[in-house]
Every structure is written in structure tokens, then in C-alpha cells.
Amino acid sequence: MSFLDLQLLVVLAQELNMRKAAEKLFVSQPALSQRLQNIEKQWGTKLFIRTQKGVLLTPPGEIIIKFANEILENQERVKEEIQELDSEVHGTLKIACASIVGQNWLPKVLKQFVNTYPHAKISLITGWSSEILKNLYEGEVHIGIVRGLTDWKGSKFHLFEDSLYLVDREIRKIEEVMETDRPFIQFKSDSNYYQEIQNWWHRQFQTVPKRTIVVDQIETCKQMTYNGIGYAILPAITLSGSEKDVYKIPLMDERNKPIKRDTWLLGYESSFELRQVQAFLDIVQEYIKNEKDY
């Protein structure tokens, strides 16, 4: 069975629809049907069952699809190893990045990377820092970009730090928090960030907020704050500095030092042996140097 046949099976298993799969594979539906029949003859069993709504995988089909995915993944790895021998940077750079960094910092770095290495591909996953570490441990990505403290044992590069601010349209001093009846707007995050905020709050006020609103995205939290619904604690990376009529009060620790949140680039040493990964790290380090010089 050829790689094209394996790809056909994987795409059909993803779409579960002959027409959509044919469009994705750039073949006619009759041609796809004929190729599927030939593959099923080779295996001596039905891999898909046709229904009025599409197709369904049979139990043997599930086994074959798993096999096909493994072969295609191995093929991709072999291609990357072969391309390593070329003078150009090829292959796929697989990144898992904390959502807040993926929205506000990473695009500027990726722009430089794709302009410098047009033959390289990028696969990007965003999520909470705890999810990023899971992607790294399971070998799904080459590098991870996380926020906060981490006990990562592999290669670790500090990218930047940014301060935390209490942001509001009315509150000008921290002490005024206990005087307002407007809600504290929080966004869902990993336990590391949440605990950091909780520790600061209890140290500062020795009580809980009077009212809270919890949203699922930091951008939602920010927009609700800017529209005067309540106040929030936001990292500097999300604040452009051009906001009007918005007060930003830095959070201070017990030593009266600004509370800052670190961002790290993590990976296994073996990943940095890949040309596309090392090339990305070079771009990152150059970008950080230029930012400091600026």
C-alpha cells in the first residue's frame, strides 16, 4: 500500500464523508471510491461502512487507520532528518505556546522566522502553561513557551518578564478596592497564575473580593474592564500603553517590589539538534537582544 493510499485513509477517517474527502485530496468521488475498494481488497476486509450521512469506520478500519497514522508520522520524521542534510532550513517547527504569549509576543518573532526561513513550516498549539508542559512531555512538540515558574529539567531559556497591574477606569489606588462594590473580573488560567494572584490578594486585603465575575479568555476580561464593568489584574504583555482613561496600578510584593511574571522557552536538548528548532532559537535570541537595545 502506497503513502498516497495511507493518506487517503487518514483523510477519509477525519472527514467521514466521501465528497469532503475527495475535495481535500483533489480527486473525483468515483476515483476515491475505486481506490478505497482496491485498498479494502488488499486487506481483505471492509474498512468503512457507507451510511446516508457519510461513512463509518469499522473495527478493522480503526486498526488500519492507527497503522496509517503511525506510518505517515514516521515518514514526516524521516523527511525532516533528510532535510537536515540540506543547507537550507526545512522541516516543521512544532511549538506549544501559552495563549497570552501567542496572541501578543510570538507573532512578531514568527514573522521574522518565516521571512528568514521560507522553506520551514510551523505547527502552533496554544493553551495554558500546564497544557504546554504536557505537550512537551508527550513529545508532541519541539519547544514550549510557558509562563511562570517551572521545574523543567531540559534546556530552558528566559524570554522576558512583565509586571502585573490592577486595571480599572475608576480605582486609582489599591486601597480603593475595598471601597467599591464593582466586581473583580478574573479570567480562567492555570493554577500557577491563579495562586499567585490569590497570594497577593490575601496578603494585601486579608479577605476575599466582595463580588467576582469569571470569564474564559483574558481578552474578554480586558474588554470588560475597559468598558467599566469592573476591575481586573492583568499582565503588562496585554496592555498596549495607549489606553485612555484607564488606571494601571502595579502590584507590589511583601518587599514592595513589583510582582513580575516570567516567560520561558523550554525543550529537550535533542530537539535543538534540529535545524529548524535551532534557527528559531537564534531568531528569538536576536529579537530579545534588539528589544533590550531599543
Side-chain angles (χ1 to χ4, degrees), residues 97-106 108 126-133 144-151 156-180 182-266 288 291-292:
C97 179
S99 297
I100 189 174
V101 181
Q103 294 168 359
N104 298 279
W105 182 84
L106 186 60
K108 302 170 188 175
T126 60
W128 290 350
S129 292
S130 54
E131 297 170 334
I132 306 309
L133 290 173
I145 299 176
V146 302
R147 301 270 286 169
L149 299 174
T150 174
D151 59 354
K156 180 177 176 181
F157 303 89
H158 185 259
L159 299 182
F160 59 87
E161 62 180 16
D162 58 319
S163 300
L164 299 181
Y165 291 89
L166 189 143
V167 181
D168 190 37
R169 295 183 68 89
E170 296 182 9
I171 297 173
R172 303 187 184 196
K173 298 180 180 179
I174 289 293
E175 295 78 16
E176 296 175 14
V177 168
M178 301 310 296
E179 300 171 7
T180 184
R182 291 158 62 253
F184 175 31
I185 306 172
Q186 298 176 279
F187 61 92
K188 292 181 181 179
S189 182
D190 56 30
S191 57
N192 182 291
Y193 181 82
Y194 179 80
Q195 191 60 51
E196 197 168 357
I197 299 302
Q198 292 298 307
N199 291 342
W200 174 85
W201 186 279
H202 289 294
R203 187 171 62 247
Q204 187 73 36
F205 303 114
Q206 292 81 48
T207 185
V208 296
K210 295 179 183 178
R211 296 168 59 199
T212 59
I213 296 176
V214 180
V215 298
D216 62 344
Q217 296 288 337
I218 190 170
E219 186 61 27
T220 305
C221 176
K222 175 180 171 182
Q223 292 305 321
M224 290 177 70
T225 304
Y226 284 7
N227 281 277
I229 296 173
Y231 57 95
I233 293 176
L234 298 170
I237 189 175
T238 66
L239 307 173
S240 65
S242 61
E243 302 86 0
K244 295 181 180 180
D245 302 322
V246 175
Y247 301 104
K248 295 177 287 187
I249 309 167
L251 268 59
M252 313 299 285
D253 63 18
E254 60 271 18
R255 296 172 295 174
N256 205 34
K257 299 288 186 181
I259 296 177
K260 298 186 177 183
R261 193 153 171 81
D262 292 301
T263 299
W264 300 87
L265 185 150
L266 315 175
I288 292 172
E291 274 195 324
K292 289 179 178 179

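The chain is numbered in sequence order, starting from 1. This structure is a prediction, so every number in the text was calculated from the model and none was measured. Below, each value reflects all heavy atoms present in this structure, side chains not excepted, and no hydrogens, waters or symmetry copies.
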Is a donor on one side and an acceptor on the other found under 3.5 Å between the side chain of [X] and the backbone of [Y]?
{"X": "Lys222", "Y": "Thr238", "result": "yes"}
{"X": "Glu131", "Y": "Trp128", "result": "yes"}
{"X": "Lys210", "Y": "Met178", "result": "yes"}
{"X": "Ser99", "Y": "Gly127", "result": "yes"}

Next on the checklist: Are more than 12 heavy atoms, taken from residues, nucleotides or ligands other than Lys188, located less than 6.0 Å from that residue's NZ atom?
Outcome noted: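 12 or below, so no.
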
Checklist entry - Thinking salt bridges, do Arg203 and Asp253 make one under a 4.0 Å N-O criterion? => result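 Result for this pair is no, no salt bridge flagged.
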
Item to check | Pair Glu161 + Arg261, salt bridge at N-O below 4.0 Å | outcome: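 No salt bridge links Glu161 with Arg261.
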
Is [Y] close to [X] at the side-chain level, that is, under 4.5 Å between some pair of heavy atoms?
{"X": "Leu239", "Y": "Lys248", "value": "yes"}
{"X": "Val177", "Y": "Tyr231", "value": "yes"}
{"X": "Tyr194", "Y": "Ser189", "value": "no"}
{"X": "Met252", "Y": "Lys257", "value": "no"}
{"X": "Tyr226", "Y": "Val167", "value": "yes"}

If you compare all heavy atoms of [X] against all heavy atoms of [Y], which two are closest, and at what distance to 0.1 Å?
{"X": "Ile213", "Y": "Pro183", "answer": "CD1-CG, 3.6 Å"}
{"X": "Pro235", "Y": "Ile218", "answer": "CD-CD1, 3.9 Å"}
{"X": "Cys97", "Y": "Leu106", "answer": "SG-CD2, 3.9 Å"}
{"X": "Pro209", "Y": "Phe184", "answer": "CG-CD2, 3.7 Å"}
{"X": "Ile171", "Y": "Asp168", "answer": "N-OD2, 2.7 Å"}
{"X": "Ile237", "Y": "Asp162", "answer": "N-OD2, 3.1 Å"}

To the closest 0.5 Å, what do you measure between [atom1] ([X]) and [atom2] ([Y])?
{"X": "Asp262", "Y": "Leu159", "atom1": "CG", "atom2": "CG", "answer": "9.5 Å"}
{"X": "Thr180", "Y": "Glu170", "atom1": "OG1", "atom2": "CD", "answer": "6.0 Å"}
{"X": "Leu251", "Y": "Ile174", "atom1": "CG", "atom2": "CD1", "answer": "5.5 Å"}
{"X": "Cys221", "Y": "Ile233", "atom1": "SG", "atom2": "CD1", "answer": "9.5 Å"}
{"X": "Asn199", "Y": "Glu254", "atom1": "CG", "atom2": "CD", "answer": "9.5 Å"}
{"X": "Leu164", "Y": "Ile259", "atom1": "CG", "atom2": "CD1", "answer": "6.5 Å"}

Checklist entry - Mind checking whether Trp264 and His158 have parallel, tilted or perpendicular rings, split at 30° and 60°? => result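 Perpendicular.
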
Checklist entry - Parallel, tilted or perpendicular for Trp200 and Phe205, by the 30°/60° rule? => result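 Ring orientation, 0 to 90° scale: perpendicular.
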
Checklist entry - What about Tyr193 and Phe187, are their ring centers closer than 6.0 Å? => result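 Yes, the ring of Tyr193 comes within the 6.0 Å limit of the ring of Phe187, centre to centre.
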
Next on the checklist: Walk me through whether Arg147 and Thr263 qualify under side-chain hydrogen bond (donor to acceptor under 3.5 Å, both in side chains).
Outcome noted: CA-CA 5 Å; Arg147 301 270 286 169; Thr263 299; 2.9 Å; yes

